[in-house]
Colleague: 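Below is the structure I would like to discuss, written out as structure tokens.
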Amino acid sequence: MENIIEIEDLHFSYKGDSETPDVEVLKGIDLTIKKGEFVAVLGHNGSGKSTLAKHINAILLPTKGKVLVDGIDTADEDKLFQLRQKAGMVFQNPDNQIVSSIVEEDVAFALENLGVPYEEMRRRVDESLKAVNMYDYRLHSPSQLSGGQKQRIAIAGVIAMQPECIILDEPTAMLDPQGRKEVMSTIMRMNREQGITIVLITHYMDEAAKCGRVVVMDKGRVVLDDTPRKVFSHVEQVKEIGLDVPQVTELAWELRRAGYDVPDDIITEEECVEAIKKLF
Ligand SMILES: Nc1ncnc2c1ncn2[C@@H]1O[C@H](COP(=O)(O)OP(=O)(O)OP(=O)(O)O)[C@@H](O)[C@H]1O
Ligand SMILES: [Mg+2]
């Protein structure tokens with residue numbers, strides 16, 4: 001499969017001033033993501049996840065190294081517009097991403113700025129709202145919606161641009177469990193049905209366990225990169241970095257430490273139940 005994101009030896013420092021030195025936050029990241037992949041990015045607070053995400057659609061540019069999105073170098077100013085259409089971003093706080101007082105106008109906002117003809121815009125807005133299950137709310141005011149609904153509107157705004165990939169920076173962090181579930185299933189459907197590449201930054205291990213691939217960052221470097229099953233089987237290393245593993249993985253690990261014969265790569269509740277049943 002074709003690569004959509006190619007990151008080569010990416011270094012990035014935030015500039016200091018006369019009193020504070022520059023701080024290197026990304027220390028040589030190499031990462032390739034193929035079209036259609038669903039990748040979770042995990043890491044302790046301050047490990048550089050958001051800084052990395054901001055490089056994918058050129059909010060930040062490398063201090064050293066290179067970032068390519070569908071072959072476009074993010075440092076190529078002439079292609080910035082094209083790049084931003086290929087890679088859409090969704091942030092943590094849905095309230096900061098909503099600009100209009102009517103849902104459908106909000107989803108149409110970026111398309112209007114792009115000068116997309118009315119008929120085409122109408123079609124894309126309707127399709128995007130249906131895709132996130134918010135079509136019935138098209139004439140509502142975003143202020144009346146729940147956090148999960150607002151976040152789905154923000155996602156609709158991004159998919160209306162027909163991007164190749166969407167980078168979501170902790171999109172569920174401010175949501176209640178119901179909102180988290182709605183947003184997760186929306187993202188998973190975008191990936192499955194439309195083939196949109198997803199990069200999901202999250203602190204929730206159960207969300208990461210649902211992705212195809214998990215990239216773990218620590219202090220500006222990628223330290224693990226594999227399937228969730230493989231990554232979470234490194235329970236000790238994951239804990240050392242200050243992260244958790246999914247609850248069921250933790251339970252299986254504790255059982256194994258207590259001498260019970262339980263597999264070391266459990267990541268779903270079903271697998272955990274099966275393994276415990278076998279013990280009896
Ligand atoms: N604008 C900035 N100027 C200077 N330093 C910054 C800036 N933004 C972030 N940093 C620093 O860069 C490091 C990485 O920050 P970043 O936001 O990328 O981490 P993160 O992994 O997204 O963390 P979190 O899980 O808290 O969101 C942190 O030490 C942070 O303090
Ligand atoms: Mg962050």
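Residues take their numbers from the sequence shown, with the count starting at 1. Remember, it's 1-based here, ligands and their atoms both numbered in the order they're listed.
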Colleague: Do the side chains of Leu26 and Pro62 get nearer than 4.5 Å, heavy atoms only?
Modeller: no
Colleague: List the residues meeting ring pair (Phe, Tyr, Trp, His ring centres under 6.0 Å) with Tyr14, not counting sequence neighbours, and say none if there are none.
Modeller: Phe12
Colleague: Could you tell me if the side chain of Glu104 sits less than 4.5 Å from the side chain of Leu139, heavy atoms only?
Modeller: yes
Colleague: What residues sit with at least one heavy atom under 4.0 Å from ligand 1?
Modeller: Tyr14, Val25, His44, Asn45, Gly46, Ser47, Gly48, Lys49, Ser50, Thr51, Glu170, His203
Colleague: Report the distance from atom CD of Gln151 to atom CG of Asp95, rounding to the nearest 0.5 Å.
Modeller: 9.5 Å
Colleague: More than 12 heavy atoms of other residues, nucleotides or ligands under 6.0 Å from CD of Glu77: yes or no?
Modeller: no
Colleague: What are the protein N/O/S atoms, named by residue and atom, that sit under 2.8 Å from the Mg ion (ligand 2)?
Modeller: Ser50 OG
Colleague: Does a side-chain N-to-carboxylate-O contact under 4.0 Å join Lys64 and Glu24?
Modeller: no
Colleague: Is it true that Arg257 and Glu254 have a side-chain N and a carboxylate O under 4.0 angstrom from each other?
Modeller: yes
Colleague: For the residue pair Lys130 and Glu127, establish whether any side-chain heavy-atom pair is separated by less than 4.5 Å.
Modeller: no
Colleague: Anything under 3.5 Å between a donor and an acceptor, one on a side chain of residues 271-280, the other on a protein residue two or more places apart or in another chain? List them.
Modeller:
from, atom 1, to, atom 2, distance (Å)
Glu271, OE1, Arg229, NH1, 3.2
Glu271, OE1, Ile267, N, 2.9
Glu271, OE1, Thr268, N, 3.2
Glu271, OE2, Arg229, NH1, 3.1
Glu271, OE2, Arg229, NH2, 2.7
Glu274, OE2, Lys277, NZ, 3.4

